[in-house]
Amino acid sequence: MGWVAPLVSVAAAQQASATGKFNQSIQERNALIYEQEKERLEGKLNFDLARFDEKFRQLQGETTTKIVKSGAELSGSGLRIKRYNAEQAENEKNIITFNSKVAQSKKMEQANFARMQGQLARMEARQAELGYYAQAGQSLMTNYG
């Protein structure tokens with residue numbers, strides 16, 4: 001019956017290894033999800049910028065119409081208004097882009113962190129596995145050595 005303890009330790013080692021691999025695979029899946037979210041944010045940025053450009057073109061068209069309808073010429077203050085609008089639009093696009101890039105960076109950082117957690121889980125499981133194998137060896141040495 002001295003062989004039971006080593007067998008139990010070997011089974012525990014195998015279970016520790018399987019658990020570590022499973023936990024690592026979960027974290028790897030999480031990392032992939034974060035990377036997909038980053039890609040989604042990139043696509044959303046492109047969509048948001050295109051939508052913004054369309055709205056800005058409409059605004060500039062309405063501004064031109066109002067200037068002309070008021071009887072003023074499209075020069076002087078009318079052009080200054082349009083130029084100011086263009087400058088503000090560029091600033092807004094820069095803010096939209098910056099915010100999106102920050103969010104994308106956070107997703108990549110989360111992906112990297114998930115991978116590190118997965119590697120850590122695997123290393124911890126490996127340590128436990130080795131401990132169980134050592135325990136099995138010690139039991140064999142004690143019982144049969």
Side-chain angles (χ1 to χ4, degrees), residues 3-142:
W3 52 270
V4 174
L7 284 180
V8 169
S9 293
V10 168
Q14 291 171 341
Q15 185 60 43
S17 177
T19 299
K21 288 177 184 176
F22 176 74
N23 288 337
Q24 185 177 23
S25 72
I26 288 172
Q27 292 301 332
E28 200 51 48
R29 180 186 155 281
N30 291 343
L32 290 173
I33 289 170
Y34 290 131
E35 288 171 346
Q36 290 170 349
E37 288 177 12
K38 184 243 182 211
E39 290 172 13
R40 184 190 55 79
L41 288 169
E42 267 183 291
K44 183 180 181 308
L45 171 62
N46 294 332
F47 175 78
D48 289 346
L49 289 174
R51 190 176 62 195
F52 182 87
D53 285 342
E54 179 60 33
K55 287 182 179 182
F56 178 69
R57 279 191 293 277
Q58 289 175 351
L59 171 70
Q60 286 294 69
E62 291 169 8
T63 302
T64 301
T65 301
K66 287 179 183 177
I67 291 170
V68 172
K69 271 186 156 183
S70 73
E73 289 187 25
L74 198 54
S75 61
S77 60
L79 284 179
R80 280 193 297 277
I81 291 169
K82 288 186 75 171
R83 188 180 78 214
Y84 176 79
N85 287 348
E87 290 169 357
Q88 293 305 306
E90 197 59 35
N91 288 340
E92 187 64 28
K93 285 173 65 172
N94 288 339
I95 291 169
I96 291 169
T97 300
F98 176 80
N99 289 339
S100 177
K101 294 295 181 185
V102 167
Q104 290 174 42
S105 291
K106 284 182 182 179
K107 291 301 176 187
M108 286 308 296
E109 191 59 34
Q110 287 175 313
N112 291 334
F113 187 69
R115 283 200 173 88
M116 288 188 297
Q117 284 181 312
Q119 290 169 349
L120 180 61
R122 182 69 181 107
M123 289 185 330
E124 288 172 345
R126 181 73 177 139
Q127 289 295 344
E129 179 183 11
L130 292 173
Y132 286 123
Y133 282 131
Q135 201 174 33
Q138 186 177 11
S139 289
L140 286 172
M141 294 293 285
T142 301

Exercise. How about F56 and N85: do any of their side-chain heavy atoms sit closer than 4.5 Å?
Worked result: yes
Exercise. Short question: side chain of S100, backbone of T97 - any donor-acceptor pair under 3.5 Å?
Worked result: no
Exercise. Out of curiosity, N112 CG to M116 CE, how far, rounded to the nearest 0.5 Å?
Worked result: 6.5 Å
Exercise. Is there side-chain contact between R29 and L32, with heavy atoms separated by less than 4.5 Å?
Worked result: no
For this session: Calculate, to the nearest 0.5 Å, the distance between atoms CZ and NZ belonging to R51 and K44 respectively.
Result: 6.5 Å
Exercise. Would you find more than 12 non-hydrogen atoms of other residues, nucleotides or ligands less than 6.0 Å from Q138 atom CD?
Worked result: no
For this session: Evaluate the side-chain proximity of Q117 to L120: yes if any heavy-atom separation is below 4.5 Å, no if none is.
Result: no
Problem set entry | F52 atom CZ, neighbour heavy-atom count above 12 within 6.0 Å | yes
Problem set entry | Spacing of CG belonging to L41 relative to CG belonging to N46, to within rounding of 0.5 Å | 11.0 Å
Exercise. Is there a side-chain contact between E92 and L49 (heavy atoms, below 4.5 Å)?
Worked result: no
Problem set entry | S105 (side chain) donor-acceptor with K101 (main chain) under 3.5 angstrom | yes
Exercise. If every non-hydrogen atom of K38 is compared with every non-hydrogen atom of Q104, which pair is closest and at what distance?
Worked result: CG-O, 3.5 Å
Exercise. Got more than 12 heavy atoms from elsewhere within 6.0 Å of NZ, K82?
Worked result: yes
Problem set entry | Nearest-0.5 Å distance, CD of residue Q60 to CZ of residue R83 | 12.0 Å
Problem set entry | Set of side-chain contact (heavy atoms from CB on, under 4.5 Å) partners for R57, sequence neighbours left out | D53, E54
Problem set entry | Which atom of E129 lies closest to which atom of A16, heavy atoms considered | N-CB, 4.0 Å
Exercise. Does K66 pair with E62 as a salt bridge, N-O distance under 4.0 Å?
Worked result: no
Exercise. Do the non-hydrogen side-chain atoms of V10 and Y133 ever get within less than 4.5 Å of each other?
Worked result: yes
Exercise. Once you round to the nearest 0.5 Å, how far does CZ of F22 lie from CD of Q27?
Worked result: 10.5 Å
Problem set entry | Closest contact, heavy atoms only, G20 versus A125 | CA-CB, 3.3 Å
For this session: Measure the OG1-CG distance between T64 and L59 for me, rounded to the nearest 0.5 Å.
Result: 9.0 Å
Exercise. Are the charged groups of E35 and K107 less than 4.0 angstrom apart, N to O?
Worked result: no
